[in-house]
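Letters A, B, ... mirror the listed sequences (proteins, then strands); counts begin at 1. Since this is a predicted model, take the numbers as computed values, not measurements.
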Amino acid sequence: MLNEILTHHALEALRVLYGQEAAGDDLQIQKTRKEFEGDLTLVVFPYTRLSRKSPEDTGRQMGDYLLEHAGVFCRYNVVKGFLNLVVQDSWWLEYLEQNGGEYRPSGDVEPSRILIEFSSPNTNKPLHLGHIRNNLLGWSVSRILEAAGHEVYRVNLVNDRGIHICKSMLAWKRWGQGLTPEQCGKKGDHLVGDFYVLFDRHYKEEIATLVAEGMNEEEAARQAPLIQEAQAMLKAWEEGDEEVRNLWQMMNAWVYSGFEETYKRLGISFHKTYYESDTYLYGKELVGEGLKRGLLFQKEDGSVWIDLTDEGLDEKLLLRADGTSVYMTQDLGTAELRYAGYHPDRMVYVVGNEQNYHFDVLKKVLKRLEKNSATAIYHLSYGMVELPHGKMKSREGTVVDADALMDEMETTAREMTESLGKTAGSGAEEAQQLYRTVGLGALKYFILKVDPEKNMLFNPVESVDFDGNTGPFIQYTHARISSLMRKAEGIRVERKKEAVTMLPEEREVLILCHDADAVLKKAAAGMSPAHIANYLYELARAYNTFYQKIPVLKEEDADLRSFRLELSALCGRILKYYLDLLGIEAPERM
RNA sequence: GGUUCCGUAGCUCAGUGGAUAGAGCAACAGCCUUCUAAGCUGUGGGUCGCGCGUUCGAAUCGCGCCGGAAUCACCA
């Protein structure tokens, strides 16, 4: 709001003072640095050409004009080419009054309909740390887009069929002896994952045996009895073999109940879940249609390809010689199905950056097939989560399991809380809830504060802290404000505006609160929760500085006390609202 | 080799055309008889990978190098 006022009057100043027109986008407005007095700073270097005066003189002339006409500034100072403007106390008090109710972002964007796909797990193993980044990003981005005023649909595409699924099915059939999750007390996704690992172990042994008998490795990998049997199983599945289908349904059901638990714990949900087994055939129709129209071509063996060499890419396979589909075929199908179902302006795919090339190709193929979904697709690419020893490899046992990680976070939160002696006065259930909230808050914040595009390092032993720039720090600030509010019940009084003079620490909090809308806009435009996270930290820190230095309830002057309470309340509401955008809960006490 | 992304303090990360480049962690020194110390204040720590260019102004934009990651599968 301040930015708009300043922009409007600064342009006017340029017109009146120098007879020059400038565009609003050219104005450079920023928060005044702490070492100078002011709330907003206008960079006047660019206008020295228009004014034909020194930066200092230009700044002073514009400052005088703004003081007189904008009606919100009370002082200014010019340092080199920087015009630092001080907002009147009365304007801030007015602002506080207008934002006294529940916090709502301004949301002045062109609303659009957005479909966002994330999570997209395979049903052959439990979720791990990589999925956690995916899930948290997808969830948070969808919440940010909603808050910014868009219509958002969250969808999940479960990869529930394929050779990898058959591997765990086969292993269970062979060595499982009818074991169920109920019998062994294990989550279904973990149990199925165990058999997937078991398959791999036996498969490797078979290969080693064949190699020892003189076969080369590549051939052995193809000839091993286990893999052949798995392939036969996949074929039987595709032909609708009843026994295989039943086994498949039973084991997938185990996995889904396991996933359900993990999703619930992570606090995420979807509007719709697609299953690849339902949609994987549709892509073939698209390919067939494209072939008929001469947009694709067929090789001698009958496989279907697209030639993207004129776009700087290669020839890409779209259908195997035996008529079965590949990854790309399926994605073509789901893209079109979804587009037809929702008619979204944008279809966002939250998928790791290892698939940048795949999405590049996907867009180009759809474009070549003259499909509308081509322009709607947006790949929200994010970096890998690396461990101190390198990348996560499921086969080498270096994955960080999602459920185990959450357990660990809760345990750490409990130990931390107990060592701080903060458990007194709350029931066991309430305490458990707090450990969950704080532990997950730490994990979510740690992951979301990093720019999605960048790879990040996760050290299981020391990465997730509870001090400093962390989730618990922000949650703590919120709890602290909540405590103030509880104690303030009934002692609030009407205040007289003219009786309040603000201190720098108070102005700092106010200007950050005022910044909230702009931050949300930026986060929505860039689909980056990191902006929200870093903003939250700044706001919480500014509030803590204020809180530590300036009395609120203990202030004897009733007008000042009320003002500081209102300021605290607004800050608390914003912290809560923005934490929610990250999927983090804001506890009332901790 | 082609393409894409990344390189900022010992470590983890902000900052993406403006002022003397910022936080946290780790280290050190202070602050709880006072509204929640998961907090606050201070000290030390930098060739923003290297070079050239554009600009009144470059960590930020362009070009070239160096280093790292991903990808270029009839796996998904």
Side-chain angles (χ1 to χ4, degrees), chain A residues 28 30 32-36 41 43-46 48-49 55 79-82 84 120 122 124 159 161-165 276 299 301 303-305 312-314 316-322 324-328 330-331 352-358 360-361 381 383-384 386 390-391 413 416-417 419-420 422 438 442 446 449-451 453-459 462-477 479-488 530-531 533-535 537-538 540-541 543-555 561 564-565 568 589-590:
Chain A
Q28 290 181 50
Q30 52 193 265
T32 304
R33 289 192 153 229
K34 284 192 190 68
E35 54 270 40
F36 306 104
T41 295
V43 183
V44 300
F45 285 110
T48 51
R49 214 171 291 152
V79 182
K80 290 191 261 182
F82 300 92
N84 302 320
S120 306
N122 292 325
N124 63 333
N159 188 319
R161 58 161 291 280
I163 190 74
H164 51 300
I165 313 292
E276 205 186 275
K299 288 198 176 173
D301 62 358
S303 55
V304 182
W305 297 71
L313 302 176
D314 305 309
K316 296 293 297 182
L317 176 88
L318 297 182
L319 211 56
R320 294 194 187 98
D322 62 3
T324 57
S325 38
V326 290
Y327 182 35
M328 185 62 67
Q330 294 162 23
D331 264 9
N353 63 11
E354 57 199 351
Q355 292 195 29
N356 287 353
Y357 182 75
H358 172 78
D360 223 20
V361 174
S381 165
M384 299 288 99
E386 282 155 11
K391 257 199 86 173
M416 190 66 74
T417 308
S419 78
L420 287 168
K422 296 211 175 200
V438 174
F446 180 84
K449 77 172 175 182
V450 180
D451 180 352
E453 195 171 353
K454 290 184 177 169
N455 286 2
M456 63 178 293
L457 187 91
F458 185 87
N459 185 334
E462 54 191 51
S463 266
V464 183
D465 237 314
F466 289 71
D467 301 319
N469 187 357
T470 65
F473 171 86
I474 296 158
Q475 291 174 316
Y476 178 76
T477 308
R480 191 178 231 183
I481 292 172
S482 298
S483 169
L484 261 190
M485 293 304 135
R486 283 193 297 273
K487 293 196 168 139
H531 294 310
N534 290 307
Y535 166 74
Y537 176 64
E538 259 189 279
R541 203 162 56 100
Y543 183 82
N544 280 324
T545 303
F546 153 80
Y547 178 90
Q548 205 79 223
K549 193 167 170 184
I550 300 168
V552 180
L553 292 175
K554 299 209 165 154
E555 172 57 49
R561 190 170 61 227
R564 287 171 192 165
L565 272 170
S568 299
R589 29 188 126 220
M590 67 185 273

* Could you walk me through whether A/S303 and A/L319 pass the side-chain contact (heavy atoms from CB on, under 4.5 Å) test, one step at a time? => CA-CA 6 Å; A/S303 55; A/L319 211 56; over 6 Å; no
* Identity of whatever pairs with B/G67 - Watson-Crick or G-U, under 3.5 angstrom -> B/C6
* Asked: Tell me: CD of A/Q30 to P of B/A19, nearest whole Å?
  -> 7 Å
* Asked: How close or far is atom C1' of B/G18 from atom CD of A/E35, stated in whole angstroms?
  -> 13 Å
* To do: Would you check, one step at a time, whether the test side-chain hydrogen bond (donor to acceptor under 3.5 Å, both in side chains) holds for A/R541 with A/N469?
  => CA-CA 9 Å; A/R541 203 162 56 100; A/N469 187 357; over 6 Å; no
* Structure fact -> 5'-most contact on RNA chain B (nearest-nucleotide basis), A/F82 vs A/P472, goes to A/F82
* Counter-base of B/G46, judged by Watson-Crick or G-U geometry with both distances under 3.5 Å -> none
* Listed nucleotide nearest any side-chain atom of A/Y537, set B/G18, B/G24, B/C35 -> B/G24
* Asked: Is any side-chain nitrogen or oxygen of A/Y327 closer than 4.0 Å to OP1 or OP2 of B/A76?
  -> no
* To do: Provide the distance between the two C1' atoms, one in B/G45 and one in B/G53, to the nearest whole Å.
  => 32 Å
* In whole angstrom, give me the gap between the C1' atoms of B/A26 and B/U20. => 26 Å
* **A/T417, nearest nucleotide to its side chain (from B/C74, B/A38, B/C6)** => B/A38
* Asked: Heavy atoms under 4.0 Å, any strand shown: does A/V43 hit a base, just sugar-phosphate, or nothing?
  -> base
* Within this structure, what is the CD-to-P distance between A/E386 and B/C11, rounded to whole angstrom? -> 15 Å
* Counting Watson-Crick and G-U wobble pairs only, both distances under 3.5 Å, name the nucleotide matched with B/G24, or none. => B/C11
* Could you check whether A/P46 gets within reach of a base, just the sugar-phosphate, or nothing at all, counting any heavy atom under 4.0 Å? => base
* Per A/T545 side chain, nearest of listed nucleotides B/U41, B/A14, B/A38 -> B/U41
* Considering only the C1' atoms, how many Å lie between B/A27 and B/G67, rounded to the nearest integer? -> 30 Å
* Would you indicate, yes or no, if B/A14 has its OP1 or OP2 atom less than 4.0 angstrom from a side-chain nitrogen or oxygen of A/K454? => yes
* Kindly point out which of B/U20, B/G15, B/C35 is positioned nearest to the side chain of A/K80? => B/U20
* Can you tell me how far P of B/C25 sits from CZ of A/R541, to the nearest Å? -> 11 Å
* Would you say the side chain of A/T41 and the base of B/A19 hold a donor-acceptor pair, judged only by whether the two atoms sit under 3.5 Å apart? -> yes
* Asked: So what does A/E538 touch, heavy atoms closer than 4.0 Å: a base, only the sugar-phosphate, or nothing?
  -> nothing
* Counting side-chain heavy atoms from CB outward, which of B/C25, B/G15, B/G22 is closest to A/R33? -> B/G22
* Just checking, is any N or O donor in the side chain of A/R33 or A/N84 under 3.5 Å from an acceptor N or O on the other one? -> no
* Of the listed nucleotides B/A37, B/G15, B/C72, the one nearest the side chain of A/R480 -> B/A37
* Is there aromatic stacking of A/F36 against B/A19, centre distance under 5.5 Å, plane angle under 30°? -> yes
* **Complement of B/U41, any strand, by Watson-Crick or G-U distances under 3.5 angstrom** => B/A29
* Asked: Which nucleotide in the set B/A38, B/C74, B/A76 lies at the smallest distance from any side-chain heavy atom of A/H164?
  -> B/A76
* Which heavy atom of A/G352 sits nearest a heavy atom of A/S381, and at what distance? -> C-OG, 4.4 Å
* To do: Just call it for A/D331: base, sugar-phosphate, or nothing, with non-hydrogen atoms closer than 4.0 Å on any strand.
  => nothing
* **Strand partner of B/A73, provided both Watson-Crick or wobble distances fall under 3.5 Å** => none
* Structure fact -> Looking only at B/U36, B/U41, B/A14, the nucleotide nearest the A/R589 side chain is B/U36
* Atom-to-atom span, CG of A/N159 to P of B/A76 - whole angstrom -> 9 Å
* Is there aromatic stacking of A/Y547 against B/G39, centre distance under 5.5 Å, plane angle under 30°? -> no
* Search all heavy atoms of A/A540 against all heavy atoms of A/I474 and return the closest pair with its distance. => CB-CG1, 4.1 Å
* Is B/C32 syn or is it anti, if syn means the base angle is within 90 degrees of 0? -> syn
* Asked: Under 4.0 Å between a side-chain N or O of A/H358 and OP1 or OP2 of B/C75?
  -> no
* To do: Please report, rounded to the nearest Å, how far the P atom of B/U36 is from the CZ atom of A/F473.
  => 16 Å
* To do: Report which part of the nucleic acid A/I165 touches: base, sugar-phosphate, or nothing (heavy-atom distance under 4.0 Å, all strands).
  => nothing
* Polar side chain donor-acceptor pair, A/H531 to A/D451, under 3.5 angstrom -> no
* Asked: If we call it a pair only when both distances are under 3.5 Å in a Watson-Crick or G-U wobble match, what pairs with B/C56?
  -> B/G18
* Just checking A/M590: base, sugar-phosphate only, or nothing, at a heavy-atom cut-off of under 4.0 Å? -> base
* To do: To the nearest Å, give me how far apart CG (A/N544) and P (B/U36) are.
  => 13 Å
* Under the 3.5 Å rule, do the base of B/C25 and the side chain of A/D467 count as making a donor-acceptor pair? -> no
* Which listed nucleotide (B/G18, B/A14, B/U36) is nearest to the side chain of A/A479? -> B/U36
* Is the number of heavy atoms from other residues, nucleotides or ligands under 6.0 Å of A/K549 NZ greater than 12? -> no
* To do: Ignoring backbone atoms, test whether A/R161 places a side-chain nitrogen or oxygen under 4.0 Å from the OP1 or OP2 oxygen of B/C75.
  => no
* **Atom-to-atom span, CG of A/L457 to P of B/G10 - whole angstrom** => 17 Å
* To do: On the 0 to 90° scale, with breaks at 30° and 60°, tag the A/F458-A/F446 ring pair as parallel, tilted or perpendicular.
  => perpendicular
* To do: Verify whether one side chain among A/Y547 and A/T477 offers a donor that lies under 3.5 Å from an acceptor in the other.
  => no
* Asked: Is A/K449 near enough to B/G24 that one of its side-chain N or O atoms lies under 4.0 angstrom from OP1 or OP2?
  -> no
* To do: Confirm from the modelled atom types if A/K422 and B/U36 form a donor-acceptor pair under 3.5 Å, side chain to base only.
  => yes
* To do: Measure from the side chain of A/F45, starting at C-beta and using heavy atoms only, and say which of B/C72, B/G18, B/C35 lies closest.
  => B/G18
* Asked: When we call it a touch if two heavy atoms are under 4.0 Å apart, what does A/D451 touch: a base, just sugar-phosphate, or nothing?
  -> sugar-phosphate
